[in-house]
Amino acid sequence: MKYDFKMIEQKWQKKWETEKLYKVTEDSSKPKYYCLEMFPYPSGKLHMGHVRNYSIGDVVARYKKMAGYNVLHPMGWDAFGLPAENAAILHKLHPSKWTRENISNMRDQLKQLGLSYDWDREITTCEPDYYKWTQWFFLKLYERGLAYRKRSMVNWCPSCATVLANEQVKEGRCDRCSAEIEKKELEQWFFKITNYADRLLQDLKKLPGWPEKVKLMQENWIGRSEGVELSFTAEKTKDEIAVFTTRPDTIYGVSYLVLAPEHPLVEKLSKGTRQEQAVKDFKKKMQKLNEITRTSTETEKEGLFIGAYAINPINKERIPIWTANYVLMDYGSGAVMGVPAHDQRDFEFAKKYGLDIKVVISPKDRSINSQNMTQAYEDNGFLINSDKFNGLDNEKAIKVIGDYMEKAKIGNVKVNYKLRDWLISRQRYWGAPIPIIYCEKCGIVPIPEEDLPVMLPSDIEFNPKGTSPLLYCDEFLKTKCPNCGGPAKRETDTMDTFMCSSWYFYRYTDPKNTKQPFSEDKVNYWMPVDQYIGGVEHAILHLMYSRFFNKVLKDAGLVKTDEPFKNLLTQGMVLKDGLKMSKSVGNVVSPEEIIEKYGADTARVFILFAAPPDKDLEWSDKGVEGAYRFLQRVWRLVEQLDDKRSDNNGKPCEEVDREVRRVTHKTIKKVTEDIEERFNFNTAISAIMEMVNVLYASIDKNISKVVKTEALENLLILLSPFAPHITEELWERIGKTQSIHLMPWPEYDEEVLIEDEIEIVIQVNGKVRSRINVQRNIGKQDMEQMALSDDKVKDFLKDMKIVKTIVIPGKLVNIVAK
RNA sequence: GCGGGCAUGGCGGAACUGGCAGACGCGCUAGACUUAGGAUCUAGUGGAUUCUUCCGUGGAGGUUCAAAUCCUCUUGCCCGCACCA
């Protein structure tokens, strides 16, 4: 019979679904395993990246289940977001309708892939039974002082018509639509993620199961730096100018101060000086430039004396105050001390404007002088021109001077972070409304818990004006204050969708709970996620927000885990012709087509076989055909071997039996280790292919029934996590009544692996010259003897003198000769 | 500029702690079966070659009996951050 994948896949998908084969509940008798793949945004169609992501996860889930774990493997929808709203504007379709239709399509596609999800746990973030709890968490954060409203310069995406968090801006462009980001001063809601900066950084150490790359990216993003914040005093006005520096050891080398153009003191200090007008012009000029070009490393440093002087607190020296493009208002205190001799940026600036260069750190082996320096000296050395600190090693001086400043009350040792608070307001409709009311009398009032969810009204006018459409919906906007009953208005912004995805993995543990976001028992049983799988594009965004959430929830006593995701696998991209698949390049291969033409098992096997999961994968139509051929080969092999299982004409050949048994157990070992230790599915599949090749060669040989059966059953079981349908069908055909996916994972017998004769390599001067077969337990001396008496070796050694021989038992002999 | 990754046949990729480079698959070549096959099966397939060797893991050195693997330098590509004080 032909391998009819279409019939087979449909048959089993239906059966698995009706029998609820993948339903899971808490079970204290088994170890739990939570296998999670990043849930998709329901764009309408599955792409190859999804297929890869979910195939990888499915192998892990199925394997762990067979290995005896109680496996939670859920799926859901990250369903709030801009595309739905844009589609609504474009096609006059309501976002909720658009989203639901997409979900329905994508759910069908996922089901066609034969993934082992417990669909009873499906969650959808745009449904009120979910976003009620998203709002509830907002209130929790508000209660804990972690949600606050602040007026500040924020990132504005003109194309998405909303503000964005820092993490959502890449190289000055919107992460979603690549439009250039503008700066706007607005009052917005923030989460105090900076309160957790240090824990987010420190706890990365608790994540040995995460890729180094991702941890490093988070580390850099958090950007911790230790230093001193000290104040200079403005000469005339006596204003304190706070300056952050990581190099207090160079304090005697300060020859000027630079304030960011937006620094409030710039205007104040220049007032009434001859520079006043010039400063105003400079500021205007800076404002016109966008953030990216102004702060780019390539942009030339540009600055202006503001007409005022400051006093260096350590030596009372009078130094000029400047403003310049290269100082950023939103890092540190928005002001820096200029030390041209020991900072390259300051050096360039000082050279350009003829400012003093004072050497205060001297290298140990030579001396430098400010006259002929061509660049700043940023390396270590000892202090000079630094009063009582002269001669000190500068690395020590950092601490010594820091302590001195604290004692003298001119500065504080301080830690600065690059990380900023998470801006969560969005001026868009399709998101969870922020559960806040503004009362004329009481001010900001959180919505009482019992009034949740704040329902998103469905009858709404879409027209992106840069304000939320909710603002024009009176029945939503106008409300009563829960405190005083007086007239009040609702917050009309919605929450960043990353808020919805920061807690969805808890909800899977208890998806239908109407009283709580999740019950304590269930969340404690399942969390943390044992294996999380998804794209590296979330290395900072989703993964850091979720870690932050977890820590807040832990502090609130809602969960017990320190970290939500114990192990993380970031899968590589799916490429075609070396490029990422994308509509604009026109190199997209649709999963639908592939499933239609070859079936889901083929698609899965190809994708898992073509590259290790963490590497990029080059799509190959020929490769897909290869995977298809392989499955057909398995189909024929099982048919043929099974046919011959009963008729044992002739005595079974012991040697063939042993070989078949050996390959069976060898394959069990290899596949188990490849999945378990390294997620190397490509080599696991190649081992199964090798086994199939050996079995093929033995079809016409006399194998005993037991050995044949053992080989066949194990072959199907080993292949079942990769190709669940064909293996299930063949399993039934060889007479099994219980699903293959409920079988225990096989164990291998070390004894069977042992070969009586092994081949060893004989090298002369490190080059292979001969191979010989020897008994497996041969001693070192015997090996050496046999090597030396080998004809080919003798031939090679004819005119040479043996210097020494190296014997690696069971592997090789290397004869060193001259 | 800083941080990280990668580089192996015609192609995707193997080679775990230094010990047979190129497993497995694709492609290619030949043969078998066949009315025919772009199906299937079998065999071969890194390069050069005086058929015996030689050369081969981006490049140049080094350590070692032995290096794709370890060290130093270097080139190219990819990713993240980017005047972070």
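Everything quoted here is computed from the prediction, not taken from an experiment. Residue numbers start from 1 in every chain, and the chains themselves are labelled A, B, ... in the order their sequence lines are given, proteins ahead of strands.
Pairing each heavy atom of A:G572 with each of A:R52, the nearest pair is O-NH1, 2.9 Å.
Taking atom CG of residue A:D614 and atom C1' of nucleotide B:G13, one finds them 13 Å apart after rounding to whole Å. Rounded to whole Å, atom P of B:C11 lies 18 Å from atom CG of A:D616. Between the CD1 atom of A:I685 and the P atom of B:C24 there is a distance of 15 Å, given to the nearest Å. For the pair A:E618 CD and B:C77 C1', the computed distance is 15 Å after rounding to whole Å. Per the geometry, CD belonging to A:E673 stands 14 Å off C1' belonging to B:U17, to the nearest Å. Between the P atom of B:C41 and the CZ atom of A:F630 lies a distance of 12 Å, rounded to the nearest Å. Regarding A:E212, its CD atom lies at a distance of 10 Å from the C1' atom of B:G4, rounded to whole Å. Taking atom CD1 of A:I540 as the reference point, atom P of B:A82 lies 8 Å away to the nearest angstrom.
Annotation: of the two residues near RNA chain B, A:A697 and A:Y326, the 5′-most nearest-nucleotide partner is A:A697.
A close approach under 4.0 Å does occur between a side-chain nitrogen or oxygen of A:N693 and OP1 or OP2 of B:G25. Contact annotation: A:K418 does not reach the phosphate of B:C83 (side-chain N/O to OP1 or OP2, under 4.0 Å). For B:C41, the OP1/OP2 oxygens have a side-chain nitrogen or oxygen of A:R636 closer than 4.0 Å. Using a 4.0 Å cut-off, some side-chain N or O of A:R633 falls inside it from OP1 or OP2 of B:C41. For B:A85, the OP1/OP2 oxygens have a side-chain nitrogen or oxygen of A:S225 closer than 4.0 Å. Distances shown here put every side-chain N or O of A:R678 at or beyond 4.0 Å from the OP1 or OP2 atom of B:A14. Considering only side-chain N and O atoms, A:Y696 lies under 4.0 angstrom from the phosphate OP1 or OP2 of B:C41. At the phosphate of B:G12, neither OP1 nor OP2 sits under 4.0 Å from any side-chain N or O atom of A:N682.
Residue-to-nucleotide contacts include no donor-acceptor pair under 3.5 Å from the side chain of A:N220 to the base of B:C81. Residue A:K301 places a side-chain atom within donor-acceptor reach of the base of B:C83, judged by atom type and a 3.5 Å distance cut-off alone.
The pairing partner recorded for B:G3 is B:C79, the criterion being a Watson-Crick or G-U wobble arrangement whose two distances lie under 3.5 angstrom. For B:C20, there is no paired nucleotide, since no Watson-Crick or G-U wobble pair has both relevant distances below 3.5 Å. The pairing partner recorded for B:G10 is B:C26, the criterion being a Watson-Crick or G-U wobble arrangement whose two distances lie under 3.5 angstrom.
With distances taken from any side-chain atom of A:R629 to the nucleotides B:C20, B:G27, B:C65, the minimum falls on B:G27.
Side chain to side chain, A:N416 and A:R224 fail the donor-acceptor criterion of an N or O pair below 3.5 Å. For A:T194 and A:D421, the side-chain atoms include at least one donor-acceptor pair closer than 3.5 Å.
Between A:F609 and A:F681, the distance separating the two ring centers is not shorter than 6.0 angstrom. Ring centroids of A:Y353 and A:W322 are separated by less than 6.0 Å, placing the two rings close together.
An anti orientation is assigned to B:G44, its glycosidic angle lying beyond 90° of 0.
Using a 4.0 Å cut-off between a side-chain N of Lys or Arg and a carboxylate O of Asp or Glu, A:R420 and A:D330 qualify as a salt bridge.
When heavy atoms are screened at a 4.0 angstrom cut-off, A:Q763 is found touching base atoms of the nucleic acid.
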